[in-house]
Every structure is written in C-alpha cells, then in structure tokens.
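Working notes for the structure below.
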Amino acid sequence: MAEDFLPIKGYDHVEFYVGNAKQAAHFYDKTFGFKPIAKRGLETGCRDRSSYVMRQGKVTFVLTSAYGPDSEIARHCALHGDGVKAIALEVNDCEAAIRETKSRGATVLKPASALEDENGQVVTGEILYAGDTIFRFVERKNYRGAFAPGFAPIEATGSDAVGFTSIDHIVTNVYLGEMDYWSDWYARTMGFTNLAHFTDKDISTEYSALMSKVMENGTGKTKFPINEPADGKKKSQIEEYLDFYQGQGVQHIAMTTGNIYDTVAELRQRDIDFLRVPDTYYEYMRDRIGDVGEDWDRLQELGILVDKDDDGYLLQIFTTPVQDRPTLFFEVIQRHGSRGFGIGNFKALFVSIEQEQALRGNL
Ligand code: FE2
C-alpha cells in the first residue's frame, strides 16, 4: 500500500454561506442545539462578512453571510440559496496538503497561508471541489483560541445539546454521468479509496433511481458518498436538488449520536421535521431484521430507520430540507457495528422522499 500523501485527522468544520448568519445561528442553536462559540464581523474589524461558529460535540459549523451585494458570498447565496461552501479537513501540514493535491491535479483557490494571534497560529489552504464547493485544509498548530485568528469568543450559553458527537459522512450530489469522474478525482487528487458502490439496481423505486459511490480517506476518518441521478420515470430527488441548487453540491451531512432515541425525541420537540416512512416499513423491517435489542415500537413512534449488514446494524433518520429550496438536509445516525450507509433503507426511504417531492409538485 502506497504511503498516504494526505493524512487527514478528521473533519475540522463545515462552512455554510447563508442569507442571514445571525438568524441561521439562532436556528442551529434553538433547534439542533449547537452552541455559538465565536464570531467575526464588524465588531471584530471584519468589514465584508459576518460569521458565527457553532459547536456541538466534535461538530463545528461556521455560518457566514455577506455585508453587501458585491461579494462571492452574496453571489453564492443568490445562485444556490443557503448551502455548504467549504468542507474543512484537519491536517498536520497544510502546505503539504496543498502541494500534494495540486501536483495530482487539484485546482488551488488559496495557497497555504497562516493567520496568527495571541492564541497561536492557524494555517489554511483551499482547493476546488464539485460546483462551487471547496475543500479547505486546516492546520491548527496547537491553536488555543475559540476557533481561529480573527474570531472573538462568544459568551452566550446556547440551548442544550441534543447529543451530536461527530460528523459521520458528507454526501455530494453530482450531475448525471459524473459520479465516476468525482470518485476518480477523490482517488487521484486526495488518495481516497472506494468503500462502497451502489448501482441503480440497488437504489431504485418505481419512479426514480440513483447511483452512489462512497469514498474514504486513507486514515478512514472521513467518508464522502457521491450520488448521481439515474434514469427513472419521473424526476429523481437528485435531479430536484441539482435543479434547485443550480448545480452540484452537498446534499446532506450525517451526524452521529450515542442515543438516537433521545436525540430524535428532543429534535421533534424542537419542531425539526423528519421524512416520514409508512408504517408498512416497520412491518417489513421487523421481519427482515428481527431482534437486534432495539425497541421497535419506539423506533416506529420516532420514525427511526434500521439497517443491518454482516458487521452489525445502524439506526438513522433524515430531516426534511432545512431551507426553502429542497436542497441540504441532515441525517442523524447511530452505528452498532455496521459501517454501511443504510442501503437497505434507500428504497423504503425514496418512496417517502417521493411522497414529499410530489407534495412540492416536483415529481
Ligand atoms: Fe447518509
């Protein structure tokens, strides 16, 4: 096995470009239970953008909006709506990450550059990914501040956490015929390997289908499924995303919890909507999966999905889109041995997604 030229320590953060970062921060605080920990904006001397850093467990979201119209943030929001701009990965050597990926064909948007304050140094560099989405490499060099130089800590307490511990995987939707291009890109440019491959035979319903490949980095710390639409009778949920996002981009972020019952019950209390699966799903799954030591009645009551493979099982649930456009949503996942992505649920789930899509007049 060749040496890993891009050793990734894990997800550092995800940056969203949004229309109104102040209100988005309130939403992620009051509903998903993220605590605001740092901010930059006019009060910290940043004249063009306002950013709120939100954290829960090891998950860090940065919510950024523009102060004016002449800005890549404003243009991004006008085109895509609120969405993910940057997937930030922590590395030990940002300079090397940029050098190694560039030599393998990455488009460098920002060379490695350091920012310093009294708490230490953070080095970041950026490469282009699918559509307007970018990968950002972050080297923290024992940085002791709240987030990064330029950000002031926030003393707000925030709402109670709902139990998110880490990011499990981040999924990108790409155009028809481009899944292989992007999985090759991950392999060639980032040194990732293919963990799984699902064809339209695995993931299809009467109306629509998709294909998916899962790429994993050398250390196994980060996983990136890539979806492309496949031919179906009607518009697939991937095509709906591509239409409304006006391009390729991040479809969903899966976050782990140690107790999915408590997490989902609390999120429901806070008015987060989840995809509904028909009750027939549970009749079918109780039969297919049998006793795995979970409370089937409670799973059904909360709408949590179950999937099982040779390594174990997993529990998962999907929110509805978190902005007006039917684009980005979240997944809550609890793994019990399974390293899969819920392939057995895809079909049941897509029937449910299509019901929602039909309600929006997009099927
Ligand atoms: Fe997922």
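Read the numbers this way: they start at 1 and go in the same order the structure lists the ligands and their atoms.
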Problem set entry | Protein N, O or S within less than 2.8 Å of the Fe ion (ligand 1), waters excluded | H169 NE2, H252 NE2, E331 OE1

Exercise. Tell me, which pairs form a ring pair (Phe, Tyr, Trp, His ring centres under 6.0 Å) where one or both residues lie in residues 76-110, sequence neighbours left out?
Worked result: Y17-H76, H76-H80, H80-Y245

Can you give me every donor-acceptor pair (side chain of residues 85-95, partner residue at least two apart or in another chain, under 3.5 Å) with its distance?
from, atom 1, to, atom 2, distance (Å)
K85, NZ, D132, O, 2.7
N92, OD1, K9, NZ, 3.2
D93, OD1, E95, N, 3.3
D93, OD1, A96, N, 3.0

Exercise. Would K213 and D180 pass as an ion pair if we require N to O under 4.0 Å?
Worked result: yes

Problem set entry | Summary of salt bridge (charged side-chain N to carboxylate O under 4.0 Å, His left out) pairs that have at least one residue in residues 26-35, sequence neighbours excluded | none

For this session: Look up atom CD in E126 and atom CD1 in I134, then write down how far apart they are to the nearest 0.5 Å.
Result: 3.5 Å

Exercise. Are V62 and V14 connected, step by step, through hydrophobic side chains (Ile, Leu, Val, Met, Phe, Trp, Tyr) whose heavy atoms are closer than 4.5 Å?
Worked result: no

